Amino acid sequence: MTLGGALSAASARLVEAGIDSARLEAELLLALACDDCARALLYAELDRELTPVQIAAFEANVARREKREPLAYILGEWGFRRLTLKTDRRALIPRPETEVVVERALEHIREQAKPDVLDVGTGTGAIALAIADEHDGARVTAIDASPDALALAGENRDLTGINGRVELLEYDLTSGLGQLRFDLVVSNPPYVEPDELATLQPEVRDWEPHVALVAHGATEAVARAATEALRPGGWLVLETAASAGERIRGLLDDLGYEDVAITPDLAGRDRVVEGRWTG
Ligand SMILES: C[S@@+](CC[C@H](N)C(=O)[O-])C[C@H]1O[C@@H](n2cnc3c(N)ncnc32)[C@H](O)[C@@H]1O
């Protein structure tokens with residue numbers, strides 16, 4: 001089978017499976033299966049024959065994607081801000097809108113030499129590691145209730161080499177946030193309502209951990225707990241569902257946060273809500 005033939009056949013199968021960017025994904029899966037055919041060079045070599053080992057690896061990748069396993073889990077890594085993070089079923093795949101959460105969080109600690117930051121529900125470690133990567137002095141505590149997610153976050157901490165300033169703790173936020181005090185609390189908490197789960201894409205619904213998706217009041221719990229955990233003048237930055245921006249703004253107002261504001265994500269949807277705790 002040639003590279004060109006493999007690409008055409010796989011694209012057709014992925015279209016049939018309901019995947020929008022089938023051709024692009026076929027290219028990425030082919031480049032993954034075949035170490036000597038970088039994606040950028042595929043089109044220069046469409047007539048080249050694949051080896052049996054490459055065909056078997058490509059077939060396995062395409063079969064996984066046909067079952068709607070997320071591309072990021074098959075590739076095993078995903079870009080987030082300046083980092084490339086390991087991704088697998090242990091944690092949510094970092095999303096582009098969460099890059100805006102990091103942007104807003106950094107804005108509030110830019111002038112501080114050594115801010116103490118708490119990331120609630122760290123998953124892959126995306127937010128915690130990106131903040132430590134982009135702020136030289138930030139000391140980040142990252143908590144998650146999922147031991148699996150924390151194990152993956154630990155692997156990402158090692159992979160990115162951001163070791164000294166990110167502490168990972170298994171901790172359930174519903175127990176409050178303890179005695180520690182922070183200049184910034186940031187979180188992308190689970191925010192899918194249980195009755196919305198069935199409406200999600202199969203990649204999310206059937207493959208990503210439900211503990212990372214289903215709300216169970218996590219946003220409210222973080223917002224309340226942060227009133228205890230923030231130093232006076234500290235900021236809370238939260239990711240929310242696009243439909244919940246105004247509701248979460250109201251929640252922060254009611255809890256006594258000041259300067260409450262919403263920032264849209266890259267697609268213009270209300271996704272990041274922040275407020276300042278004056279104590
Ligand atoms: C939406 S994911 C966010 C992951 C990561 N911060 C990101 O933005 O890609 C939410 C995370 O919160 C964690 N989580 C859910 N309930 C929790 C709880 N009660 N206490 C602490 N972490 C929790 C989940 O395990 C999951 O890793």
Side-chain angles (χ1 to χ4, degrees), residues 70 72-73 77-81 83-106 117-134 140-157 160 162 166-178 180 182 184-194 196-197 200-201 203-205 207-226 228-229 236-242 244 248 265-266 271-274:
Y73 287 166
E77 63 179 32
W78 206 243
F80 184 77
R81 304 274 306 181
L83 305 174
T84 300
L85 299 173
K86 184 171 173 182
T87 43
D88 61 36
R89 289 194 76 175
R90 288 176 289 176
L92 191 96
I93 300 157
R95 306 290 207 270
E97 51 269 29
T98 309
E99 301 199 15
V100 181
V101 173
V102 171
E103 189 66 44
R104 292 307 308 153
L106 286 167
V117 177
L118 176 67
D119 173 21
V120 181
T122 198
T124 54
I127 295 174
L129 293 169
I131 288 176
D133 177 48
E134 296 182 50
V140 187
T141 302
I143 65 169
D144 206 294
S146 158
D148 282 348
L150 276 178
L152 180 56
E155 289 163 33
N156 277 321
R157 186 176 56 180
T160 53
I162 305 169
V166 178
E167 184 181 16
L168 300 169
L169 297 175
E170 187 179 333
Y171 194 81
D172 191 317
L173 82 95
T174 55
S175 312
L177 294 176
L180 299 174
F182 299 92
L184 169 73
V185 174
V186 58
S187 184
N188 172 16
Y191 52 69
V192 176
E193 294 305 327
E196 290 171 350
L197 201 56
L200 300 179
Q201 290 288 311
E203 284 84 349
V204 182
R205 185 190 63 218
W207 293 91
E208 295 197 281
H210 283 193
V211 67
L213 298 172
V214 183
H216 297 307
T219 301
E220 290 75 5
V222 179
R224 277 179 211 288
E228 301 284 323
L236 171 67
V237 179
L238 286 172
E239 180 168 326
T240 72
I248 303 305
D265 66 12
L266 303 172
R271 294 305 289 270
V272 186
V273 185
E274 63 191 39

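Atoms within each ligand, like the ligands themselves, are counted from 1 in listed order. Source: prediction; values computed, not measured. In this chain, numbering begins with 1 at the start of the sequence shown.
- Scanning all protein heavy atoms for the shortest distance to atom 10 (C) of ligand 1 gives N188 O, 3.4 Å.
- Of the candidates A145, P190, A142, A145 brings a heavy atom nearest to atom 17 (C) of ligand 1.
- Here the heavy atom of the protein found nearest to atom 5 (C) of ligand 1 is T122 O, 3.3 Å.
- In this structure, I93 and E208 have side chains that are in contact, with non-hydrogen atoms separated by less than 4.5 Å.
- Given atom 26 (C) of ligand 1, the protein heavy atom at minimum distance is D144 OD2, 3.5 Å.
- Checking side-chain atoms of N188 against main-chain N and O of E239 turns up no donor-acceptor pair under 3.5 Å.
- Using a 4.5 Å cut-off on side-chain heavy atoms (C-beta onward), L85 and P94 make contact.
- At distances below 3.5 Å, not a single donor-acceptor pair connects side-chain atoms of R157 with backbone N or O atoms of I162.
- Within ligand 1, the atoms closer than 4.0 Å to a non-hydrogen atom of Y171 are 20 (N), 21 (C), numbered from 1 in the order shown.
- Counting the atoms of ligand 1 from 1 in the order shown, those under 4.0 Å from a heavy atom of D172 are 18 (C), 19 (N), 20 (N).
- Here V211 has heavy atoms under 4.0 Å from ligand 1 in both its backbone and its side chain.
- Each of V120, T122, T98, V237 was compared with I127 under the side chain to side chain contact (heavy atoms under 4.5 Å, CB included) criterion, and only T98 meets it.
- The main-chain N or O of R205 is found under 3.5 Å from a side-chain atom of H210 such that the two form a donor-acceptor pair.
- The contact set between ligand 1 and S146, taken as ligand atoms under 4.0 Å from a residue heavy atom, comprises 25 (O).
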